[in-house]
Protein chains: 2
Amino acid sequence: MSSEPAPPGFELPLRLLLAFRTIIDELHERIAREGHPDLRPMHGFVFQAIGPHGTTAVELGRRLGVSKQAAGKTVENLEQLGYVERGSDPADARRKVVRLTARGVDCLVRSARIFDELRAEWSATLGEERLREVETALRLLAPGDPFRLDTPRWFGSP
Amino acid sequence: MSSEPAPPGFELPLRLLLAFRTIIDELHERIAREGHPDLRPMHGFVFQAIGPHGTTAVELGRRLGVSKQAAGKTVENLEQLGYVERGSDPADARRKVVRLTARGVDCLVRSARIFDELRAEWSATLGEERLREVETALRLLAPGDPFRLDTPRWFGSP
DNA sequence: ACGGATAGACAACCTCATTGACCATATAGA
DNA sequence: TCTATATGGTCAATGAGGTTGTCTATCCGT
């Protein structure tokens with residue numbers, strides 16, 4: 001039993017969100033310095049949703065939880081920024097496959113490295129033991145696929 | 001030293017976000033059943049930003065990280081939903097004070113209770129000891145005011 | 001070969017934010 | 001006190017990003 005009173009229940013969710021923002025903001029600060037200044041938090045999710053083999057606008061929309069048209073517009077933006085390209089699928093003339101460009105892949109590689117660096121820094125602050133306990137606890141409390149890409153819309157007002 | 005390899009660095013932030021969403025979704029499911037079906041995740045933040053003594057649209061906009069016009073529109077919506085009301089300030093004829101209605105306060109009280117209930121459930125799943133360790137770790141890693149109200153805009157694409 | 005299902009593009013619209021302009025009021029300073 | 005400036009609120013125009021509806025082209029099972 002702990003002698004201290006429990007903190008109010010609203011603190012934990014706010015801390016979870018703040019910790020997420022802290023990591024993501026730090027990631028984007030660093031990746032901006034490495035040549036990707038115009039990336040937004042959302043884009044990392046989109047890149048992950050596209051994946052190494054490419055995908056289509058419809059499938060992307062499903063993964064992102066938005067309409068295929070919205071996904072198509074997102075792809076257009078990322079195409080203009082030079083992160084993705086569209087090609088045709090020889091096996092299915094309807095599909096137009098969205099793939100990451102070299103620049104897009106570079107971004108993914110750097111993101112993965114920076115995420116690992118940030119985790120290492122947290123591990124140094126907290127101790128690897130305690131960090132793993134946090135990760136284990138979160139896996140237990142919030143199981144399932146962590147890639148919920150519809151967050152922006154989810155959060156907004158009616 | 002842990003013999004298991006460390007998980008990839010991107011898992012932790014995604015779990016943090018997923019855990020946040022899990023709590024907030026559960027909160028809104030329950031508070032909808034208690035007579036507040038049209039609340040959105042954002043609104044809790046707005047209520048907190050308004051506070052017990054009321055505030056103005058300009059100040060609200062500052063706290064939310066949006067323009068005063070956007071804050072004014074949000075207030076209009078919440079006024080139509082019956083959660084806030086606007087009155088004039090006898091000490092300053094320019095100011096129009098936004099205050100929570102009885103319904104708004106009811107919502108805040110219920111939210112606080114449900115958050116405590118959810119925390120108690122997590123404590124039962126995880127053990128109070130381990131839950132406190134998570135909270136402590138998050139306070140250490142993401143210190144500062146957890147009320148960052150500009151999250152929706154922050155997350156969006158350019 | 002045909003009919004339903006699927007991928008994509010185009011158009012109209014909606015919501016919510018933005019900026020700019022404007023008026024009313026408060027406040028500090030000559 | 002009078003005036004200049006800052007502040008609070010509203011209105012108007014705009015833009016980003018999402019939605020639905022509709023249309024065409026293509027695939028696939030019967």
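All chains are named by letter (A, B, ...) in the order of the sequence lines, taking the proteins before the strands, and each is independently numbered beginning at 1.
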Can you tell me how far [atom2] of [N] sits from [atom1] of [X], to the nearest Å?
X     : N      : atom1 : atom2 : value
B/R94 : D/dG8  : CZ    : P     : 6 Å
B/L64 : C/dT18 : CG    : C1'   : 15 Å
B/E76 : D/dT10 : CD    : C1'   : 10 Å
B/K68 : C/dA17 : NZ    : P     : 16 Å
B/L81 : C/dT15 : CG    : P     : 14 Å
A/D89 : C/dA7  : CG    : P     : 11 Å
A/R63 : C/dA7  : CZ    : P     : 12 Å
A/L60 : C/dT6  : CG    : P     : 18 Å

Regarding [X] and [Y], does a basic nitrogen lie under 4.0 Å from an acidic carboxylate oxygen?
X      : Y      : value
A/E34  : A/R30  : no
A/R110 : A/E117 : no
A/R86  : A/E79  : yes

Touch class at under 4.0 angstrom, heavy-atom based, for B/E59 against every strand present: nothing

Sugar-phosphate only, base, or nothing, as touched by B/S67 at under 4.0 Å among non-hydrogen atoms: base

Any idea which of [options] is nearest the [X] side chain?
X     : options               : result
B/R86 : D/dT10, D/dG9, C/dA9  : D/dT10
A/A70 : D/dG9, D/dT19, C/dG8  : D/dT19
A/V66 : C/dA9, C/dT18, D/dT19 : D/dT19
B/R95 : D/dG8, D/dG18, C/dG8  : D/dG8
A/K73 : D/dT19, C/dA9, D/dG9  : D/dT19
B/A93 : D/dG18, C/dA26, D/dG9 : C/dA26
B/T74 : C/dA7, C/dA17, C/dA9  : C/dA17

Between B/D38 and B/H43, a side-chain donor and acceptor under 3.5 Å: no

Distance-only side-chain donor-acceptor flag, B/T101 / B/E85, under 3.5 Å: no

B/F47/B/Y83 under ring-ring contact (aromatic ring centres under 6.0 Å, His included): CA gap, chis, key distance, verdict: CA-CA 9 Å; B/F47 291 169; B/Y83 288 108; 5.5 Å; yes

C/dG8 phosphate, OP1 or OP2, under 4.0 Å from A/S88 side-chain N/O: no

Short side-chain N/O contact from B/R62 to OP1 or OP2 of D/dG8, under 4.0 Å: yes

DNA chain D: 5'-proximal contact among A/P90 and B/D92 (nearest heavy atom): B/D92

Quiz item: B/Q69 side-chain donor-acceptor pair to D/dG8 base, under 3.5 Å: no

C/dG8 base / A/K96 side chain donor-acceptor hit below 3.5 Å: no

